[in-house]
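Numbering of residues begins at 1 and proceeds along the displayed sequence. Keep in mind the model is a prediction, meaning the values are calculated, not measured.
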Amino acid sequence: KSRKEENQKVIISVQFKGKKSDTYGGMKFSYFCNLAVKPGDLVRVPTKYGETTAKVAEIDIPESRVEDRILAVMKTVIGIKEAPESTPCLACEYCEELTPIGEGDHICGEDPTKMPVSDYQPTKDYYWCKGRHFKKS
């Protein structure tokens with residue numbers, strides 16, 4: 001039996017928020033996950049520094065893509081991060097103007113020449129409007 005069949009968990013990759021850029025990106029880290037998540041969701045994950053928030057970059061990763069030494073110590077997602085109702089999260093992922101166009105690319109409905117997300121990664125156009133056109137979905 002594979003580890004997935006035994007634990008009923010899938011493997012996902014997540015990215016952490018950069019200290020300087022304040023956006024999610026950079027290296028991807030693998031975690032087991034038994035929750036219904038999709039790319040772009042924010043999840044709570046354990047790290048060697050304690051629990052933190054990360055953004056789901058990819059789901060349903062085949063076990064064969066993860067090195068055995070990583071599989072042996074891989075941790076499990078704790079939960080889904082809920083945005084506080086009282087504080088709207090002004091990020092492209094939460095704006096109804098963010099429009100998926102395929103292959104992980106997303107354009108902004110306010111200005112279709114802007115592509116804030118490409119291959120599920122923030123681009124130079126990410127948060128280009130600084131929230132001026134934010135519409136809660």
Side-chain angles (χ1 to χ4, degrees):
K1 281 184 169 181
S2 75
R3 190 179 298 262
K4 182 178 175 183
E5 290 170 338
E6 290 171 11
N7 296 336
Q8 294 299 309
K9 295 179 184 179
V10 296
I11 298 173
I12 66 169
S13 68
V14 301
Q15 293 174 302
F16 297 97
K17 188 180 278 192
K19 287 179 174 46
K20 293 179 183 174
S21 68
D22 204 38
T23 60
Y24 292 92
M27 283 183 57
K28 295 178 184 176
F29 296 86
S30 299
Y31 280 83
F32 288 117
C33 185
N34 55 7
L35 305 167
V37 296
K38 61 188 181 311
D41 286 351
L42 296 179
V43 292
R44 294 184 345 267
V45 295
T47 72
K48 65 181 180 180
Y49 303 109
E51 183 182 317
T52 192
T53 300
K55 182 177 174 181
V56 177
E58 193 177 353
I59 60 172
D60 294 324
I61 297 172
E63 194 172 302
S64 60
R65 274 189 36 206
V66 181
E67 294 179 32
D68 287 340
R69 66 182 181 83
I70 302 294
L71 275 173
V73 296
M74 208 160 67
K75 298 184 182 325
T76 301
V77 171
I78 297 168
I80 296 174
K81 173 82 171 160
E82 300 293 335
E85 288 299 318
S86 59
T87 310
C89 187
L90 298 182
C92 292
E93 293 84 1
Y94 300 107
C95 181
E96 69 180 33
E97 293 292 347
L98 189 68
T99 307
I101 58 172
E103 301 297 318
D105 293 345
H106 297 70
I107 59 171
C108 180
E110 186 63 36
D111 181 350
T113 66
K114 303 288 187 189
M115 185 179 292
V117 177
S118 180
D119 196 25
Y120 300 110
Q121 304 293 318
T123 68
K124 64 177 179 49
D125 292 335
Y126 188 85
Y127 204 55
W128 68 274
C129 76
K130 306 287 189 254
R132 287 188 310 274
H133 302 292
F134 181 83
K135 292 183 183 140
K136 187 172 179 150
S137 50

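Not a single side-chain hydrogen bond (donor to acceptor under 3.5 Å, both in side chains) links T53 to another residue, sequence neighbours left out. A search for ring-ring contact (aromatic ring centres under 6.0 Å, His included) contacts involving F16 returns F29, not counting sequence neighbours.
Scanning all heavy atoms of the two residues, the minimum distance from L71 to E63 falls at CD1-CG, 3.4 Å.
Applying the 6.0 Å contact sphere to CD of E103 captures no more than 12 heavy atoms from other residues, nucleotides or ligands.
Rounded to the nearest 0.5 Å, atoms CD (E93) and OH (Y126) are 3.5 Å apart. Within the model, atoms CE of M74 and CG of D68 stand 11.0 Å from one another, a figure rounded to the nearest 0.5 Å. Expressed to the nearest 0.5 Å, how far CD1 of I59 lies from CG of L35 amounts to 12.0 Å. D125 CG to C108 SG: the interatomic distance, rounded to the nearest 0.5 Å, is 9.0 Å. To the nearest 0.5 angstrom, T99 atom OG1 is 10.5 Å from E110 atom CD.
V117 and I107 fall into different hydrophobic clusters, where Ile, Leu, Val, Met, Phe, Trp and Tyr side chains are chained together by heavy-atom contacts under 4.5 Å. By the rule that hydrophobic residues join a cluster once side-chain heavy atoms approach within less than 4.5 Å of another member, I80 and V10 end up as members of one cluster.
Side chain of T123 to main chain of M115: a donor-acceptor pair is present (N/O by atom type, distance under 3.5 Å, no hydrogens or angles).
The shortest side-chain heavy-atom distance between V43 and K81 does not fall under the 4.5 Å cut-off. A 4.5 Å side-chain heavy-atom check between T52 and V45 finds at least one atom pair inside the cut-off. A 4.5 Å side-chain heavy-atom check between P100 and H106 finds at least one atom pair inside the cut-off. At least one side-chain heavy atom of I11 sits less than 4.5 Å from a side-chain heavy atom of F32. By the 4.5 Å heavy-atom criterion applied to side chains, W128 and C92 are not counted as neighbours. With a 4.5 Å cut-off on side-chain heavy atoms, I78 and Y31 do not count as touching.
In summary, of the residues considered (K55, Q121, K28), a side chain to side chain donor-acceptor pair (under 3.5 Å) with Q15 occurs for Q121 alone.
Salt bridge status for E58 with R65: present, with a side-chain N to carboxylate O gap under 4.0 Å.
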Side chain to side chain contact (heavy atoms under 4.5 Å, CB included) between V77 and V37, worked out: CA-CA 10 Å; V77 171; V37 296; 5.8 Å; no
